[in-house]
Number of protein chains: 2
Amino acid sequence: MKKVTINSVASYAGVSKKTVSRVLNNEPNVSDATREKVLKVFKELDYTPNPIARGLAQNRSFIIGCIYDNPSKSYITRVQTGALAACQENNYNLLIHPCDLRGDALISNIEHLLQSSRLDGLVLTPPFSDFKVLVDFLKSKKIPYARVASAVLEDDSISVRSNDEQGAFEITEHLIKLGHKAIAFIKGHPDHSATEQRFKGYRRALSTHGIEFNERLVEEGNFSYHSGVDSARSILDLTPRPTAVFASNDYMAAAVLKLATQRQFKVPDDISIAGFDNAPIARHIWPGLTTIAQPVEEMTKQAVTKLIEHIGDPQEQPYQVTLEARLITRESTAQVR
Amino acid sequence: MKKVTINSVASYAGVSKKTVSRVLNNEPNVSDATREKVLKVFKELDYTPNPIARGLAQNRSFIIGCIYDNPSKSYITRVQTGALAACQENNYNLLIHPCDLRGDALISNIEHLLQSSRLDGLVLTPPFSDFKVLVDFLKSKKIPYARVASAVLEDDSISVRSNDEQGAFEITEHLIKLGHKAIAFIKGHPDHSATEQRFKGYRRALSTHGIEFNERLVEEGNFSYHSGVDSARSILDLTPRPTAVFASNDYMAAAVLKLATQRQFKVPDDISIAGFDNAPIARHIWPGLTTIAQPVEEMTKQAVTKLIEHIGDPQEQPYQVTLEARLITRESTAQVR
DNA sequence: CCGCATTATGACACCGGTGTCAGGGTTGGA
DNA sequence: TCCAACCCTGACACCGGTGTCATAATGCGG
């Protein structure tokens with residue numbers, strides 16, 4: 001198998017390599033006849049341009065980096081799926097880069113990543129999407145970036161999110177409509193902006209329906225299963241016991257369910273449990289969790305698509321979109337008795 | 001921020017760029033004085049070589065591809081973690097590439113991937129690790145590859161696995177020692193070599209302990225939660241009902257647990273359930289699943305490390321290692337009553 | 001049919017490194 | 001003391017594309 005380069009194509013087609021390059025890039029000012037001739041040779045020789053050489057000449061890598069520090073493997077996988085879809089459509093590659101938000105080396109870590117991999121752009125996923133230090137750093141370095149599931153919208157960037165506040169409102173309202181009044185809430189990780197958003201939605205639903213907010217019903221979690229266990233313990237020990245628990249994500253909700261089951265409570269008869277995210281576990285356990293589904297793949301795909309457009313044409317407008325979240329009711333919530 | 005290239009380093013240090021290149025690559029035949037001088041300039045100018053230019057000159061991309069078609073997100077994440085660790089240590093990048101094993105376009109899909117991304121090597125994860133068509137293709141194209149968790153060892157390749165057969169043996173034996181004699185078995189996806197291995201271990205444990213193999217206790221699954229539900233239904237309908245179920249992975253085991261719970265069976269009092277893989281769900285449900293833990297990250301890391309070594313030096317020896325799996329007992333298995 | 005604007009094409013340098021090879025300086029053995 | 005062998009070093013071509021610019025070919029109005 002001989003290597004097929006632009007030179008072989010050029011000589012085979014009887015044109016200069018610059019002309020071949022023009023055809024490759026769909027540039028104007030190539031006669032139809034020449035274009036067709038070259039395209040035919042592409043097929044005949046089964047030519048694929050070398051992205052590395054291209055990258056060198058254009059000072060690009062055709063690689064997008066995806067930064068994350070997220071305990072939920074299913075979330076990460078969904079993010080990757082969406083990002084990959086966008087990359088494949090645009091002949092880009094995706095580089096994944098897990099890292100510590102809290103590590104003091106974060107910025108230098110990212111700086112090194114950018115230097116050594118020459119990424120064309122970065123996708124920030126929670127909790128980085130709203131991490132000001134990082135965003136400011138990227139801005140100052142003029143590194144193109146897109147944010148997924150950020151809470152704060154800015155005017156001059158690419159950001160695709162879903163409505164966490166509204167989702168939390170709806171699921172809380174769902175519980176209220178089932179007759180629940182004492183609804184415990186488990187917060188997420190403080191570094192994630194979703195934590196605050198979901199809490200807001202919970203409170204808004206309460207006040208909309210004239211239920212007084214009770215601080216004692218709120219527990220601090222961090223999105224991990226383990227933190228859910230701790231919070232669940234406190235909540236189940238309360239007197240009077242709340243009739244429902246809304247955990248900020250499904251892992252913590254699963255923890256509540258596990259502890260409740262261990263203590264011989266019937267879910268949802270004795271206590272209703274709701275989660276958030278529609279993680280796989282929500283339907284893998286019994287009873288299945290009532291939860292909120294977000295279009296994670298779609299968010300990420302849009303963000304990456306726009307990011308790639310922006311890299312190709314930096315004049316591109318900012319892009320700010322909010323997609324809808326959806327309530328999914330399963331067996332873990334029921335009418336209060 | 002001006003760009004720092006090899007040229008600027010060279011002129012700043014007062015040497016030729018070839019000498020700088022020598023220092024970069026730790027080549028011999030550079031005087032200590034010169035080497036130190038150049039290294040100092042590296043620091044002063046904060047120079048990072050451009051991997052793209054390097055790649056062009058050496059016809060390498062410094063990118064490893066990771067191929068998978070696996071329903072378990074946690075497994076994929078673990079694979080990625082291990083692969084990334086190896087890549088980072090060696091200044092390589094990881095490109096992830098999910099694809100369909102069964103798609104008839106698989107080979108051309110991979111071929112296109114290789115052509116267009118110029119990967120230096122490929123990591124095959126289950127079910128690709130034992131997919132002969134693909135392995136033969138890579139061999140014929142002389143693409144370096146490493147296999148993770150393959151069942152079959154070959155003499156001339158890199159392969160790191162864990163002992164599925166032994167793991168299945170141990171967990172079955174664990175059930176037998178608890179007094180179980182009627183142990184149902186749910187098979188995995190037929191495309192995965194682990195499926196056969198785990199089945200073998202199950203049968204070996206039975207025969208070792210003088211329990212007759214009963215075909216009616218074996219259900220065909222495919223590693224998915226959903227297939228677990230179907231299998232569970234058949235198993236729970238059997239008369240007499242088996243006292244234990246060993247599912248080939250944790251998702252299917254979780255499905256058995258869910259269905260059993262729905263039907264008001266007590267686990268483990270009425271029926272013991274065991275899984276395989278130690279997926280997160282195994283400890284997120286109640287009762288926690290007895291299962292087998294495999295060192296997935298470690299396997300992948302070793303495989304990728306060896307793969308990169310092999311790319312750097314194709315004379316490198318083959319590498320075939322089997323790591324141990326470990327029994328983890330939780331609450332889902334108990335003495336038969 | 002001429003002059004000018006426009007289109008089509010190629011020559012050549014360049015992106016930032018590495019491979020090859022030649023030449024000058026040292027070292028060491030005869 | 002002389003020459004071979006070896007160590008350092010740099011000039012230069014090259015990897016496979018793209019950008020710039022000059023030039024040839026074509027179109028078109030007058």
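Lettering of chains follows the sequences in order, A, B, ..., and the numbering in each one begins at 1. Keep in mind that the numbers below use all heavy atoms, side chains included, and drop hydrogens, waters and symmetry copies.
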Please work out if B/Val20 contacts a base, only the sugar-phosphate, or nothing of the nucleic acid, heavy-atom cut-off 4.0 Å.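 Nothing, no nucleic acid heavy atom in range.
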
For the side chain of A/Lys17 and the base of D/dG17, is some donor closer than 3.5 Å to an acceptor across the two?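 Yes, a donor-acceptor pair under 3.5 Å.
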
Compute whether any side-chain donor of one residue and acceptor of the other, for B/Thr77 and B/Ser74, lie under 3.5 angstrom apart.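 Result is no, nothing qualifies.
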
Is it true that the side chains of B/Arg161 and B/Ser150 contain a donor and an acceptor less than 3.5 Å apart?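 No pair is found: no donor N or O on one side chain lies under 3.5 Å from an acceptor on the other.
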
Does any non-hydrogen side-chain atom of A/Val20 lie less than 4.5 Å from one of A/Phe42?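 The answer is yes, as the side chains (C-beta and beyond) meet within the 4.5 Å cut-off.
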
Contact check, side chains of B/Val152 and B/Lys132, non-hydrogen atoms, under 4.5 Å: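 Heavy-atom side-chain distance check fails, nothing below 4.5 Å.
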
Between B/Lys301 and B/Glu298, does any NZ, NE, NH1 or NH2 come within less than 4.0 Å of an OD or OE carboxylate oxygen?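 B/Lys301 and B/Glu298: not salt-bridged.
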
Where the side chain of A/Lys3 is concerned, which of D/dT9, D/dC15, C/dT9 is the nearest nucleotide?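 Given the options D/dT9, D/dC15, C/dT9, the side chain of A/Lys3 is closest to D/dC15.
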
Between D/dC15, D/dC8, C/dA8, which one does the side chain of A/Ser31 approach most closely?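 Comparing D/dC15, D/dC8, C/dA8 against the side chain of A/Ser31, the answer is C/dA8.
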
May I ask you to decide if [Y]'s main-chain N or O and [X]'s side chain share a donor-acceptor pair within less than 3.5 Å?
X: B/Ser117; Y: B/Leu119; value: no
X: A/Thr125; Y: A/Ile67; value: yes
X: B/Asn109; Y: B/Ala105; value: no

Could you go through nucleotides 25-28 of chain C and list every protein N or O atom that sits under 3.5 Å from one of its N or O atoms, giving the distance for each pair?
none

Taking it one step at a time, do B/Ser116 and A/Thr48 satisfy side chain to side chain donor-acceptor pair (under 3.5 Å)? CA-CA 6 Å; B/Ser116 66; A/Thr48 317; over 6 Å; no

Could you give me the CA-CA distance, side-chain angles and deciding distance for B/Arg102 and B/Asp69, then say whether salt bridge (Lys or Arg N to Asp or Glu O under 4.0 Å) is met? CA-CA 9 Å; B/Arg102 280 289 162 220; B/Asp69 173 13; over 6 Å; no

At a heavy-atom distance below 4.0 Å, what parts of residues 43-53 of chain B sit against DNA chain C?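 The stretch gives B/Tyr47, B/Pro49, B/Asn50, B/Ala53 as the residues lying under 4.0 Å from the strand, ordered by number.
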
Could you give the [atom1]-to-[atom2] distance, from [X] to [N], as a whole number of Å?
X: A/Arg60; N: C/dG16; atom1: CZ; atom2: P; answer: 16 Å
X: B/Arg54; N: C/dC15; atom1: CZ; atom2: P; answer: 19 Å
X: B/Asn29; N: D/dA5; atom1: CG; atom2: P; answer: 17 Å

If each of B/Asn59 and B/Gly14 is mapped to the nucleotide of DNA chain D with the nearest heavy atom, which maps nearer the 5' terminus, i.e. the 5' end?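 That would be B/Gly14.
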
Polar-atom pairs under 3.5 Å, protein N or O versus N or O of nucleotides 19-24 of chain D: list them with distances, or write none.
{"unit_1": "D/dG19", "atom_1": "N7", "unit_2": "A/Lys18", "atom_2": "NZ", "d": "2.9"}

Would you call the rings of A/Phe223 and A/His192 parallel, tilted or perpendicular if under 30° counts as parallel and over 60° as perpendicular?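 Rings of A/Phe223 and A/His192: perpendicular, as their planes differ by over 60°.
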
